[in-house]
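Heads up: the structure comes next, in structure tokens.
Remember, predicted model here, so these are calculated numbers, not experimental data. Per chain, numbering begins at 1; letters A, B, ... match sequence-line order.
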There are 2 protein chains.
Amino acid sequence: MGIADDAVEIRSQGWRTLAALHGLIETELERALTSSVALSVVEYTVLDALSRQHGWHMRMQQLGRATALSASATTRLVNRLEERGLLTRVLCADDRRGIYTELTASGQKLLTEARPVHDETLERALAAARDMPELAPLVDALPTLARA
Amino acid sequence: MGIADDAVEIRSQGWRTLAALHGLIETELERALTSSVALSVVEYTVLDALSRQHGWHMRMQQLGRATALSASATTRLVNRLEERGLLTRVLCADDRRGIYTELTASGQKLLTEARPVHDETLERALAAARDMPELAPLVDALPTLARA
DNA sequence: GCGGTATAACTGCGTGTGCAATGATTTATC
DNA sequence: GATAAATCATTGCACACGCAGTTATACCGC
């Protein structure tokens, strides 16, 4: 097996590890968030992303990228959250095709309830993954990626 | 902000990076595999996992863990692949509740077509992610996780 | 052996997703 | 300035998913 073949296998192995860890964490988060605050992981991701944005507004497309969702899925995701009063649509003045989304007070409130659940569940899931030999190296590598 | 709070934020940041990279890669793989060999990413994962197994057989539950899928989703996933003749169900002799799945010759053949597509797409997706500042550190860390 | 409990896999149901096509607005070309 | 091409968001449709409940088999205490 040559060097190039090794690289291919190493990439595939890394991807399998990444996918496995991702699936594990997402499954746990999904259970915890839906049962405690009736939010799916993507829904939480949207609220969290909005709260990190200056002025708490984002365009649909940005949300799509942030969640790795298609445009149609983003539309319906925002629909659900808007119907629950957690965010509002705001028309863009400068580009009237675009639509901004903003957290409502209710959305911010729910997010403060959801965040501890999210963080504790993430900690537990990572600790569990830490005990699996094939996942441990990636779990240990994650905190080293932090930047300012 | 105390040390504990920092740890929470670092974990969340790591998780967001992991999720973003995973979403990006999965979306690209999905497009490439469905258009070229009509396989979804999870379907490819199953065939690939089976091919790596001694004797090419696995139990349903193992497949569920390997793909981070529920039991019901695993059942229907195996149904789809079986209907296409890519794998077969084999009853377990020792535990008659369990069911083994085995790759067929046709499944192995399709896998050999799919693997280059998968590997090249993965390489391109990682290269693209490598150019995004927030994803680059994780992309660079992945190959270092490889074990013997 | 015989009950009760646990486990493996399967089905009904509601829901979230992507793709393709559509409507509305902006940008480019002439 | 009018027409064409591109972009943002939304809808119709088919399909894959998770949850809860079901069936079949294995395990345990007696």
Side-chain angles (χ1 to χ4, degrees), chain A residues 19 22-36 38-46 57-84 86-102, chain B residues 19 22-36 38-46 57-84 86-102:
Chain A
H22 177 273
L24 186 99
I25 295 174
E26 180 155 68
T27 300
E28 301 252 356
L29 285 178
E30 194 80 35
R31 262 206 296 268
L33 288 173
T34 53
S35 68
S36 65
L39 285 175
S40 70
V41 175
V42 272
E43 288 166 350
Y44 176 88
T45 302
V46 165
H57 69 290
M58 270 177 100
R59 297 180 69 126
M60 302 288 289
Q61 255 188 338
Q62 289 179 269
L63 286 179
R65 273 194 301 270
T67 55
L69 245 47
S70 69
S72 66
T74 306
T75 292
R76 290 186 251 254
L77 174 53
V78 169
N79 283 348
R80 293 198 299 273
L81 296 174
E82 189 180 27
E83 283 160 14
R84 287 176 62 181
L86 302 176
L87 56 77
T88 57
R89 279 178 162 89
V90 180
L91 295 174
C92 266
D94 52 327
D95 183 346
R96 291 163 60 196
R97 292 170 303 184
I99 292 185
Y100 286 125
T101 52
E102 281 188 16
Chain B
H22 177 271
L24 186 100
I25 295 174
E26 180 156 69
T27 300
E28 301 254 355
L29 285 178
E30 194 80 35
R31 262 206 295 268
L33 288 173
T34 52
S35 67
S36 66
L39 284 176
S40 70
V41 175
V42 271
E43 287 167 350
Y44 176 88
T45 302
V46 164
H57 69 291
M58 270 177 101
R59 297 181 68 127
M60 302 288 289
Q61 257 188 335
Q62 290 179 269
L63 287 180
R65 273 194 301 270
T67 55
L69 245 46
S70 70
S72 65
T74 306
T75 293
R76 290 186 250 254
L77 174 54
V78 169
N79 283 348
R80 293 198 299 273
L81 296 174
E82 188 180 28
E83 280 160 16
R84 287 176 61 182
L86 303 175
L87 55 76
T88 57
R89 280 179 162 88
V90 181
L91 295 173
C92 266
D94 51 327
D95 183 348
R96 289 165 59 195
R97 294 170 302 182
I99 292 185
Y100 285 125
T101 52
E102 281 189 14

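The phosphate of C:dG12 (OP1 or OP2) has no side-chain N or O of B:Arg76 nearer than 4.0 angstrom. Residue B:Arg80 has a polar side-chain atom (N or O) positioned under 4.0 Å from OP1 or OP2 of D:dC17.
Not a single donor-acceptor pair, N or O on each side, falls under 3.5 Å between the base of C:dC19 and the side chain of A:Ser70. You won't find any donor-acceptor pair under 3.5 Å spanning the side chain of A:Arg96 and the base of C:dG23, going by distance alone. Residue B:Ser72 places a side-chain atom within donor-acceptor reach of the base of D:dC19, judged by atom type and a 3.5 Å distance cut-off alone.
Between B:Leu69 atom CG and C:dA9 atom P the separation is 14 Å, expressed in whole Å. Rounded to whole Å, the distance from CG on A:Asp94 to P on C:dT25 is 14 Å. Residue B:Ile99 contributes atom CD1, which lies 14 Å from atom C1' of C:dT7 at whole-angstrom precision. Rounded to a whole Å, the CD atom of A:Glu83 is 14 Å from the C1' atom of D:dT10.
Side-chain proximity of A:Arg89 to the nucleotides D:dG18, C:dT25, D:dT10 is greatest for D:dT10.
For A:Thr34 (side chain) and A:Ser40 (main-chain N/O), no donor-acceptor pair under 3.5 Å exists by modelled atom type.
Residue contacts shown for A:Ala71 include a base, since a base heavy atom lies under 4.0 Å away.
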